[in-house]
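Everything below concerns the one structure shown next.
A, B, ... follow the sequence lines: proteins, then strands. Residue 1 opens every chain.
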Number of protein chains: 2
Amino acid sequence: MGRQREHDAGEARATLSDVAARAGVSPSTASIAFSGQGPVSDSTKARVLAAAVELGYTGPDPLARSLRTGRSGIVGALIPRRIGTSFRDPVVIQTLDGLAEELGGSGSGLLLLSERERETDRLSLEAAPIDALVLLGCGTASLPALDVLRRRGIPVVTIEGDEGAGVANIDVDNRRGTRVLAEHLRDLGHRDVALVTLPLTTEDRLGPLSEDEIASATATIAVRRIAGARDVFPGAAGISASGSTIADGRAAGRLLLDVPESDRPTAIIAQSDLLAAGVIFAAHDLGLAVPDDLSVVGFDGIRVDELPMRLTTVAQSAQDKGAAAGRAVTELLDGGHPESRCFPVTFQAGATTGPPAS
Amino acid sequence: MGRQREHDAGEARATLSDVAARAGVSPSTASIAFSGQGPVSDSTKARVLAAAVELGYTGPDPLARSLRTGRSGIVGALIPRRIGTSFRDPVVIQTLDGLAEELGGSGSGLLLLSERERETDRLSLEAAPIDALVLLGCGTASLPALDVLRRRGIPVVTIEGDEGAGVANIDVDNRRGTRVLAEHLRDLGHRDVALVTLPLTTEDRLGPLSEDEIASATATIAVRRIAGARDVFPGAAGISASGSTIADGRAAGRLLLDVPESDRPTAIIAQSDLLAAGVIFAAHDLGLAVPDDLSVVGFDGIRVDELPMRLTTVAQSAQDKGAAAGRAVTELLDGGHPESRCFPVTFQAGATTGPPAS
DNA sequence: CTGTTAGCGCGTTCAA
DNA sequence: TTGAACGCGCTAACAG
């Protein structure tokens, strides 16, 4: 570990000064030759480049350059769940896609960080070499860490985060979106509506919604969607799922549906399309027809190929969300002050809702 | 941009020396107090930490620390296609999942880099502050860049890469796996077998396989799977798909199947399960029954919920592959010399193959 | 247990 | 246009 890095072949790596010396110029000149950030005569530049090739110099060390310039070219993306888990959520993927796309234009790399496993040693959120950070649907759990970043002067953009944390927030109309769906169910005649929510904390736990849990929830998105549903069905109860997969929805759905018929809701508001699909499968498992015996709505507007019918849901554009966050980051890095914005959602009628059986 | 970073509030940020001075100790002592990499009395440590709080010091600057230690705590993951696109491939996701999981244990972050968009300025593969790099199913397209990394002393691990590039390679038995499937089809009596391959280059192009294209392909995996198929069906022709999604498979399948019956293959070897699913849908689109009118096999062994039947395929564990790569990286970083290894694949009989109609 | 001495490799003043 | 000096912020040696 000691001295240098391990070099299987070759001696200590050449530095910019070495190159400069070999080219017969000063280090600063060589630096300019590489970065193009200043005037150099073509002849000297060529000489420097030639010297570099001879010495096997492959360009300025990124670490040293970063220290000097104060920038690493890396944008961090903080995701609420385990990285692997998040990879299974199409909304996260699409958001990252939009973000990566937009950032790619400015040439920044994307460093994935998880809100969980904070016990990482080598690379904590506070000590990551990032120029900016995007929080993807993170709740309030990481707020303390944000403070550290702010003090370090690192711009932060949140996606569906806490408004008023003093950072640009790219939001989605989670509350209104869910309210629209709830109204749709109410207009169809449903009175007995249950919820299947996204996890309320950073933990994966399946279980009945409790008011305490809601009150102490760190997951902003879930809380807002609950609020939207309760705007129409006050006090609506339900299950908080252990994730946002079809399997999670199926498990939650079973809990809600595998009960005496009198206790069974006539409609379920699932907080994601994947959860909704799971609920529908759970209904099928129990011999219930959708929408005849049970209406189900989702959230997101992703394509769920697994389903034989189109889901009634509200659609958001996760891609746009990510791209907007990417633009906000770019602006921030250029010294601008991007504004928060809120993306609307659009109602999408599908074949999973109808009047209650009664 | 000149002076410091932009500070909306507060003066120039405190440095470790400032903290040390305020605590009345030397910088090195303060450093140890933060990193724990040495002996400090509890009292001095407390004093240092207190001084840090007073000054609003939030811990050592990651960039400076990296420059000094030569490590950033970041592992790069190079993926062959656009980041967003790759996010849609379950095998990539699972591999990243296994990798992230394993790396998480050692506390390293994961930096996503794409083999495409090499024109990024701020952060090229050559200039990324990474301690190690994992290539996920990248072909031979990035070999030159690898050389640069090697010269920089950065360890590289490939997944399904070129053996003998002098780096640890975590492989999967792509050729044998496909051969097993081909033999299965041959044993069923098929003689007229076509291929739907993964993209052969870093570009997304749908079209007939040409020998030239195969010869100049950069995508190792696709080439090996073609070889496996041709071990049994020499010269088998087919289509190279524009990606590895169901839609890509459907498009390729249509090209192969929407022809006079006499020209139609009796079986198709798709190079991924998703492609296979797409082919099956294409068959259905044309009124062909699987496996009665057409047999289809895939590769990967992922669950394809979209399909009404189980796919005949070979299964690999992408998760294990990623994890093995993660372990290799960890070993390499600890100065070890991990060995290459090759994961086997296991045949999975499904309901998508049967004897030819004839 | 603590302090001192040196850089890590580079980019940026300035003056020439 | 180029060169010389300096320091970004930190940590690895060693000496005390």
Legend entry - Pair A:S26, A:T29: side-chain N/O donor-acceptor within cut-off below 3.5 Å: yes

Legend entry - A:S31 and A:S28 side chains, donor-acceptor separation under 3.5 Å: no

Inset, instruction - Starting at the 5' end of nucleotides 10-16 of chain C, put B wherever the base has a protein heavy atom under 4.0 Å, S where only the sugar-phosphate does, and a dash everywhere else. - result: BBB----

Under 3.5 Å: donor-acceptor pair, side chain of [X], backbone of [Y]:
{"X": "B:R22", "Y": "B:A51", "result": "no"}
{"X": "B:S66", "Y": "B:R71", "result": "yes"}
{"X": "B:D131", "Y": "B:G73", "result": "yes"}

Legend entry - Atom pair CD/CD of A:Q94 and A:Q319 - distance to nearest 0.5 Å: 6.5 Å

Inset, instruction - Taking only Lys NZ, Arg NE, NH1 and NH2, and the carboxylate oxygens of Asp or Glu, determine whether A:R81 and A:D89 approach each other closer than 4.0 Å. - result: no

Legend entry - Lys/Arg N to Asp/Glu carboxylate O, A:R150 vs A:D147, below 4.0 Å: yes

Inset, instruction - Using a 4.0 Å heavy-atom cut-off across all strands, classify B:T44 as base, sugar-phosphate, or nothing. - result: sugar-phosphate

Rounded to whole angstroms, how far apart are [atom1] on [X] and [atom2] on [N]?
{"X": "B:L67", "N": "D:dT11", "atom1": "CG", "atom2": "C1'", "answer": "10 Å"}
{"X": "A:L63", "N": "D:dT11", "atom1": "CG", "atom2": "P", "answer": "13 Å"}
{"X": "B:D18", "N": "D:dC8", "atom1": "CG", "atom2": "P", "answer": "10 Å"}
{"X": "B:R71", "N": "D:dG9", "atom1": "CZ", "atom2": "P", "answer": "24 Å"}
{"X": "A:R47", "N": "D:dT1", "atom1": "CZ", "atom2": "C1'", "answer": "12 Å"}

Inset, instruction - Taking only the side-chain heavy atoms of A:S26 (C-beta and beyond), determine which of D:dG9, C:dT2, D:dG3 contains the nearest atom. - result: D:dG3

Inset, instruction - Give the angle between the helix axes at the two ends of the helix from C:dC1-D:dG16 to C:dA16-D:dT1, taking five base pairs at each end and rounding to 10°. - result: 30°

